[in-house]
Amino acid sequence: MAKKRSKKTPTMKTPSPRTSPRTTPGSSATVTKDRDKKTLMKIDELGEAIVKSSLAQRDPHVDIPMRTVSNTKFNKSKRILEMGSNAQRRNLFNLSMAKKFMQTVLLADGCKDLIEAGKTLSLRGMYYKSLHTIEGTNEKTFNDQSESDPVLEDLEVSLGALREELHVYARKAGTIAGNITLIDSGDEIDCRRMGSGGYSIPSICEPNIIQFKKCEAKFVLHVEKNTIWSRFNEDRFWQTHNCILTEGGGQPPRGVRRLLRRLHEELGLPIYCLLDCDPWGHYIYSVIKQGSINLAFESQRMAVPDAKFIGIRAEDYERCELSDDVKITLTDRDITRAKQIAEYPWFVDKKPWQREIKRMLANGFKMEVESLITKDISYVTETYVPQRLEERDFLD
Amino acid sequence: MSTLLAAPTKKPRTTMSKARKPTTSPPSRKTKTRRSKATAQTLAGQQREISVSEFFAKNRHLLGFDNPRKALLTTIKEAVDNAMDACEEGGILPDIFVQVLQLGETRFKVTVRDNGPGIVKQQIEHIFGKLLYGSKFHRLKMSRGQQGIGISAAGMYGLMTTGKPVLIISKPSKKKPAHEMRIKMDTSKNRAEVVSDEVHQEDDKLFPQGTGTQVEIELEGKYLKGRQSIDEYLEQTAIANPHAHITYVTPGNETRTFPRSVDELPDEPKEIKPHPKGIELGTLIQMLERTEAAKVGAFLQNDFCRVGPSKAKEICQTAGMTNMTWVKNVGHREAEALYKAIQEVKLTAPPTDCLVPIGSKALLAGLLKGVKAEFYTASTRPPAVYRGNPFQIEVGLAFGGELPAQETARVIRFANRVPLLYQQAECCSFKAVLDASWKNYELSQPKGSLPLGPLVVMIHMASVWVPFTSESKEAIADYDEIRKEMKLALQECGRKLGTYLRRRKRMQRESERRSIFERYIREVAKSCEKITGADAKKLYEALLRQAERRTAQADQQLDDEGRILNETARLAKDEQVVIVPAQQPDPANNGNEIGESLFENPPKPQRRKTTKRSRKKPRSPRRTAKRK
């Protein structure tokens, strides 16, 4: 993908207001260059600060904004999550931090390499790039990828640079199909002709990579997982209802969220979510709508504050006359999590949501979207969603 | 003594059962007629004197001959104790030879030879053939033996189990030939029967130094290695008697030597008179009966220590008599008054120059020879008094090295330099070890248990009269005064161990911390060079300097109470502490084999992290370390 992009740079499209998807070639390259320059400067600053304090015999440090609930604030006017100002100082001369400090510097160096070479790597690729045995020991710089991933996130927040700006992308997950034509790295993608599999959403959906060419759809239906997405796709739901179908493989990765945001912002499409009736489904909705706690610093570019929650609703067990078999008893963990979610500031003032969660807890069971299949194979596509959309019956 | 005289335990039991009978089964005619009545006259026919030796022949467990294994050990123990005492009293550095010869499956011949002053012919039969005969009972002087039971009891046990008499060869003078005697004991009369009495010709081989004694006893026994074995007994004897040279020929015909590590004899202990506060009424009455003094004042002054004319007067006045009261006029009532008066009057504590402790230095020498550890400390308490008997406690600790790390600590106990192997849990010293709070000294200690870790605790009690719980001399009785002294000595040693362990921990932590920093700063420097173009080498050196400064600083901050102390110097200056740097076993050192066998399963030598500081220490051999 990276190769393709660099080859075709001259023909690449600009960040694309929907009015004029095509602009002069080369401008996106300039944008990329400018952005890279800025990122490189940030990395350089980080390095300079360490060198300076080292030579001055001071303990070198990196300040890392904290990614915790306590350091996350809900911006009521923007209706998104924002990161607070609390930061954690990472010192070299502290036993518990020394290794992480070294890893942070190592990854900064790795990202600089990537940017200068104009290439991108996945998180795993980045892990391998910085992996080596420390001189004179048999200790490796990283034990496994789970050690390098959070450090890279730390680097993102401390530099104030996005992952894409560091030329790193995450695992790819998520599918799209519907009445839209995209340009991905210069290739035209007609999402109406994607067969049964759909087009897989790339992990970087920035305007310099993805542009919208032509869109007739009136809304976006986002479902939780691939099984239900396939159901909708097979029933040609996007054709009959003139929409776009997306799916995020559970908790949607950044690419999917960025795409949803852009579909909403640039094309003005409303986003409807069809998710499980359980705390995890609720949280997925919250992530799409307000942004996640972990990536609160990116909510600005990812959150869709107008996204709506279609279902599954706790009342659907009675409303749709479902059988007992679909009930999944709530575990203790589910109950604690549900109560936690109910107390999040962005949920606490929403009476319908409080009622919804209360109802689910009163039910004592959760339901997956798939449970609607017990009624009829196509109940969800032919009855459930069209009815909800018609009645405009959703949670906000 | 008192226990011995009151010994026949059967008596109270029979009276008890007689007394109980009426209550359990009410008298009825039938039972009465069936019983044959014993009259006083018929009973008198059965009543006769029981000799002490007869009593012990029946109750041999009281003397430590409970089972074949213990019998073999006790025999050797008694013979070695006597040999050591004899040598020391003769002012000769002990050179002791022990041989255990296996004759049959359960039959052994024990030979113990010393280079002591020898025994004159006339005394041999008494010493070896009579129970409660000896030089040590009627005096208050620190010695291994106390009652004069030991060796004759061993001979008696041998005679009872094998029928063979004891063979004694003794050479009391260089100029005269040695005499060889075979002795049997007549248990009913507590007297020896001389079987043969000859002149032994080839005595030069046995006694190259011109004098000495050899005892040979044949007995039924069982030889096992491990805990509570002859080997362990001799090893521990060597630790507590670094001035002795012991050669031991095992039943397997191996020869093991425990070399001498101190070339000076301990000082000759002084004999003292009893202290008034240490006697009981019965003893006082007995002393009054036996005294040579005619008047009470003279009696108090001559027969006791710490009583001068004024104190004697004070006691007499308090008791309602004068100095000049005739001793023969003192009856039971007066004696009681005298006893009470003694308790009331303030008296100086008994003299303590009669005690000869092993001494911290010799103790450390013994421990170094016998236990392979890395840290040794010893402490000798000032003398103290229990029941009028002066005593002194010494404690030694050995920690680390090749001692088993996962087990509870080992307590090795000594009384007047004699190892105590049995009844550990009954012993005052064991309780004192339990009492000490080892957690304060960086060791873990489960509740009610010995501390855990590679630790050997050695406790020695020196006293003119060691209060044993039984005649077999296995455990020290639990007197508050003794327990307190033991605890204090343990604490003194424990504090030093704690200091050492904290220091060691800190050193490990510090070097660990430094190595972690050293590991990572090279990477940081390299990456920074690539990011900013700064010189990696310069950066690395700057960071390394900082790492060293920071770890050193952190080290000082961790000191107790925030003070910056130089504890290494403090411990190194302490004469009662020896630290052996971790090193490869030195094959020339004889102590190693002792140390290894002292613990049945010596742990494999672990390669300990040599910290920077310990690496700097000169690799001095252990022997020179302890002699400085």
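Within every chain, numbering begins at 1; the chains are lettered A, B, ... in the order of the sequence lines, protein sequences first and strands thereafter.
Heavy-atom pairs under 4.5 Å with chain B peak, among A/Asp109, A/Thr141, A/Asp59, at A/Asp109. With chain B as partner, the option from A/Ser54, A/Gly47, A/Ser53 having the largest number of non-hydrogen pairs under 4.5 angstrom is A/Ser54. Of the listed residues (A/Lys112, A/Met102, A/Gln57), the greatest number of heavy-atom pairs within a distance under 4.5 Å of chain B belongs to A/Gln57.
No part of A/Gln103 comes within reach of chain B, as not one of its non-hydrogen atoms sits under 4.5 angstrom from that chain. With a 4.5 Å cut-off on non-hydrogen atoms, B/Ala534 touches chain A through its side chain but not through its backbone. Proximity to chain B involves both the backbone and the side chain of A/Ile43, based on heavy atoms less than 4.5 angstrom apart.
In this structure, the separation between CE on B/Met458 and SG on B/Cys493 is 10.5 Å, given to the nearest 0.5 Å. Note that CD of A/Glu298 and CZ of A/Arg258 are 9.0 Å apart. Values are rounded to the nearest 0.5 Å.
The contact list for residues 519-532 of chain B toward chain A, using heavy atoms and a distance under 4.5 Å, reads B/Arg519, B/Tyr520, B/Ile521, B/Arg522, B/Glu523, B/Val524, B/Lys526, B/Ser527, B/Cys528, B/Lys530, B/Ile531, B/Thr532 by residue number.
Side-chain N or O atoms of A/Asn71 include one that pairs as donor or acceptor with a backbone N or O of A/Met66 at under 3.5 Å. No donor-acceptor pair closer than 3.5 Å links the side chain of B/Gln546 to the backbone N or O of B/Ala542.
One finds a salt bridge joining A/Glu139 and A/Lys99 here, because a Lys/Arg side-chain nitrogen approaches an Asp/Glu carboxylate oxygen to under 4.0 Å. The residues B/Glu402 and B/Lys372 are annotated as salt-bridged, a charged nitrogen and a carboxylate oxygen being separated by less than 4.0 angstrom. The residues B/Glu374 and B/Arg504 are annotated as salt-bridged, a charged nitrogen and a carboxylate oxygen being separated by less than 4.0 angstrom.
Not counting sequence neighbours, the partners of A/Phe93 by the ring pair (Phe, Tyr, Trp, His ring centres under 6.0 Å) test are B/Phe517.
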Original post:
After noting the C-alpha distance and the side-chain angles of A/Thr104 and A/Arg90, does the key distance pass the side-chain hydrogen bond (donor to acceptor under 3.5 Å, both in side chains) rule?
Top reply: CA-CA 9 Å; A/Thr104 316; A/Arg90 184 167 292 170; 3.0 Å; yes
